[in-house]
Asks: 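One structure, pasted below without further comment.
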Amino acid sequence: MKKLTIGLLALGLMLTGCGTGNSSSEKTAKDLSKAKVGVIQLMQHEALDASYKGFKDALLKAGVKEDNIDYQVAGDQANCATVADKLVNDGNDLIYAIATPAAQAAYAASKDIPIIGCAITDYASAGLVKSNEKPGGNVTGASDLTPIQEQFDLMKQLLPKAKKVAIMYNGSEDNSIFQGNLAQKAAKDKGLEAKVYKVSDSNDIQAVTSQVVNDGVDVVYIPTDNLLATYMSSVEAITSQAKIPCIVGEEGMCKAGGFATYGINYTNLGKLAGEQAVAILKGEKTAADSPIVQLKAEDCTMVINLKVAKKCGMTINKEDHPKATFIE
């Protein structure tokens, strides 16, 4: 299976304004004021919330009425099927699914209604599309695959003496498993000794994090994992006390207790998904012929949490990182 790479995939970015952009095409554009859109979001944390914001902004700009957007948060994976069935039965014209379990539940509920995903790493390995370049069914969307190689470059830059890295993720989520495998390869490429630590639910987090500390690692790597993003502060409370920093998958996790990241902007990712949705609602495209899209690598942002750095006994010189955003 062909893996996603950072940057727009072949035939990549689906923009609402494709075509000539002349006044005639604007006059004949389909009116979206009566379009009904259902939204299923796995859980609430900063990255997923931002994915919804970007998507909603794109829809409102295109003429979709906010009252016609049914925003539902499942709360956990077990409730996704119930929410997805509701959105299908309510007769929505399109469903926006935020995170892999949400998209899988929506796909199980309908093979007819167009489904746009977001905050999903690899749609093909999650069983949502035939291929990321040619989805072939009723699902497409935006991938949040982060620049893992670049994140390990950042790790080596900020922690040049690190030798042992813990790769920690939810072993029950396809996104996390996919990224965990890529992280193991990146660690090997950087000459780091890596060990994988898996959690399955919130009850595991304290015990697994304590095991990470007891094993004497130098740094923890956590990808864009929904469970650990929600409980990042709990991880940080243990790792920072042991002066072990965490390199994380995205900015929201960094704000919640990660030490540093080089990651994507989920609001912008949501806008990409929203532009796909608008094109489909207007009848310009179908999910089947809309490739999975990604943000460009150069659109990623370096973020360093100076509070966590201090807790871990590190001094960061801002002048050494002119392009970074700092959390103080």
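For the numbers below, each heavy atom of this structure counts, side chains included, while hydrogens, waters and symmetry mates do not. Treat the numbers as computed from the prediction; the structure is a model and nothing was measured. If you read the sequence from its start, that first residue is 1, and numbering goes on from there.
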Asks: Just by distance, no angles: are the side chains of Gln151 and Tyr221 close enough, under 3.5 Å, to form a donor-acceptor pair?
Replies: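 Short answer, yes.
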Asks: Do Ile148 and Leu158 belong together in a cluster built from hydrophobic side chains that touch within less than 4.5 Å?
Replies: yes
Asks: Please tell me whether Thr224 and Gln179 have a donor and an acceptor in their side chains that are separated by less than 3.5 angstrom.
Replies: yes
Asks: Give a yes or no on whether Gln149 atom CD has more than 12 heavy-atom contacts from other residues, nucleotides or ligands under 6.0 Å away.
Replies: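 Enclosed: over 12 neighbouring heavy atoms sit under 6.0 Å from CD of Gln149.
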Asks: Are any of the side-chain nitrogens in Glu275 or Lys271 under 4.0 Å away from the carboxylate oxygens of its partner?
Replies: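 No, Glu275 and Lys271 are not salt-bridged.
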Asks: Flag yes if more than 12 heavy atoms outside Lys190 fall under 6.0 Å of its NZ atom; otherwise flag no.
Replies: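 More than 12 heavy atoms, drawn from other residues, nucleotides or ligands, come within 6.0 Å of this atom.
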Asks: May I ask you to check whether Tyr96 and Tyr52 place their ring centers less than 6.0 Å from one another?
Replies: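 Aromatic pair excluded; centres sit 6.0 Å or further apart.
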Asks: Quiz question: by atom type and distance under 3.5 Å, do the side chains of Gln157 and Asp153 form a donor-acceptor pair?
Replies: no
Asks: Looking only at side chains, do Ser200 and Asn170 share a donor and an acceptor under 3.5 Å apart?
Replies: no
Asks: So does Lys86 pair up with Asp70, basic N to acidic O under 4.0 Å?
Replies: yes
Asks: For Pro245 and Met314, which heavy atoms make the closest approach, and how far apart are they?
Replies: CB-CE, 3.9 Å
Asks: Applying a strict under-4.5 Å side-chain criterion to I, L, V, M, F, W and Y, I'd like to know whether Val212 and Val165 cluster together.
Replies: no
Asks: Whether Lys61 and Asp57 form a salt bridge (side-chain N of Lys/Arg under 4.0 Å from carboxylate O of Asp/Glu) is what I want to check.
Replies: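 No.
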Asks: Side-chain heavy atoms nearer than 4.5 Å, only ILVMFWY residues, links allowed to pass through others: does that put Ile244 and Tyr231 together?
Replies: yes
Asks: Does Lys307 reach the main-chain N or O of Ile327 with its side chain, forming a donor-acceptor pair under 3.5 Å?
Replies: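 Absent.
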Asks: Does Val278 share a hydrophobic cluster with Val37, counting links as ILVMFWY side-chain heavy atoms below 4.5 Å and allowing steps through other members?
Replies: yes
Asks: I need the minimum non-hydrogen distance between Tyr123 and Ala142, along with the two atoms involved.
Replies: OH-O, 2.9 Å
Asks: Assess whether a salt bridge exists between Lys195 and Asp215, defined as any Lys/Arg side-chain N lying under 4.0 Å from an Asp/Glu carboxylate O.
Replies: yes
Asks: Has the side chain of Thr261 got a donor or acceptor atom that lies under 3.5 Å from a matching backbone atom of Val303?
Replies: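 A pair under 3.5 Å: no.
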Asks: Check whether NZ of the Lys or CZ of the Arg Lys56 lies under 6.0 Å from the centre of the six-membered ring of Tyr71 and within 45 degrees of that ring's axis.
Replies: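 The answer is no, since Lys56 fails at least one limit relative to Tyr71.
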Asks: Nearest heavy-atom pair of Ala99 and Leu42: which atoms, and what distance?
Replies: CB-CB, 3.7 Å
Asks: Can you give me the closest heavy-atom contact between Asn265 and Asn268, atom names plus distance?
Replies: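 Answer, listing the atom of Asn265 first, then Asn268: OD1-N, 3.0 Å.
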Asks: Of all the heavy-atom pairs spanning Ala35 and Val64, show the shortest one and how long it is.
Replies: O-CG1, 4.1 Å
Asks: Among side-chain atoms of Asn132 and Asp122, is any donor-acceptor pair under 3.5 angstrom?
Replies: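 On atom types as modelled, these side chains qualify, holding a pair under 3.5 Å.
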Asks: Could you please spell out the steps behind the side-chain contact (heavy atoms from CB on, under 4.5 Å) verdict for Leu272 and Gln276?
Replies: CA-CA 6 Å; Leu272 285 186; Gln276 287 179 307; 5.8 Å; no
Asks: Do Ile40 and Val139 share a hydrophobic cluster, counting only Ile, Leu, Val, Met, Phe, Trp and Tyr and linking them when any side-chain heavy atoms are less than 4.5 Å apart?
Replies: yes
Asks: Can you confirm whether Leu60 sits close enough to Glu66 that some side-chain heavy atom of one is under 4.5 Å from a side-chain heavy atom of the other?
Replies: yes
Asks: Assess the residue pair Lys185 and Asp189 against the criterion (salt bridge (Lys or Arg N to Asp or Glu O under 4.0 Å)); give the C-alpha distance rounded to whole Å, side-chain angles, the decisive distance to 0.1 Å, and a yes or no.
Replies: CA-CA 6 Å; Lys185 183 180 184 302; Asp189 291 344; 3.2 Å; yes
Asks: side-chain contact (heavy atoms from CB on, under 4.5 Å), that's the test. Do Ile120 and Asn175 meet it? Break it down for me.
Replies: CA-CA 6 Å; Ile120 297 166; Asn175 268 6; 3.9 Å; yes
Asks: We want to know whether Glu236 and Asn305 form a side-chain donor-acceptor pair, criterion being a heavy-atom distance below 3.5 angstrom.
Replies: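 Short answer, no.
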Asks: Within 45° of the six-membered ring axis of Tyr107 and under 6.0 Å from that ring's centre, is NZ or CZ of Lys111 located there?
Replies: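 Yes, cation above the ring, under 6.0 Å and within 45°.
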Asks: Please check if the number of heavy atoms outside Lys34 that lie under 6.0 Å from its NZ is greater than 12.
Replies: no
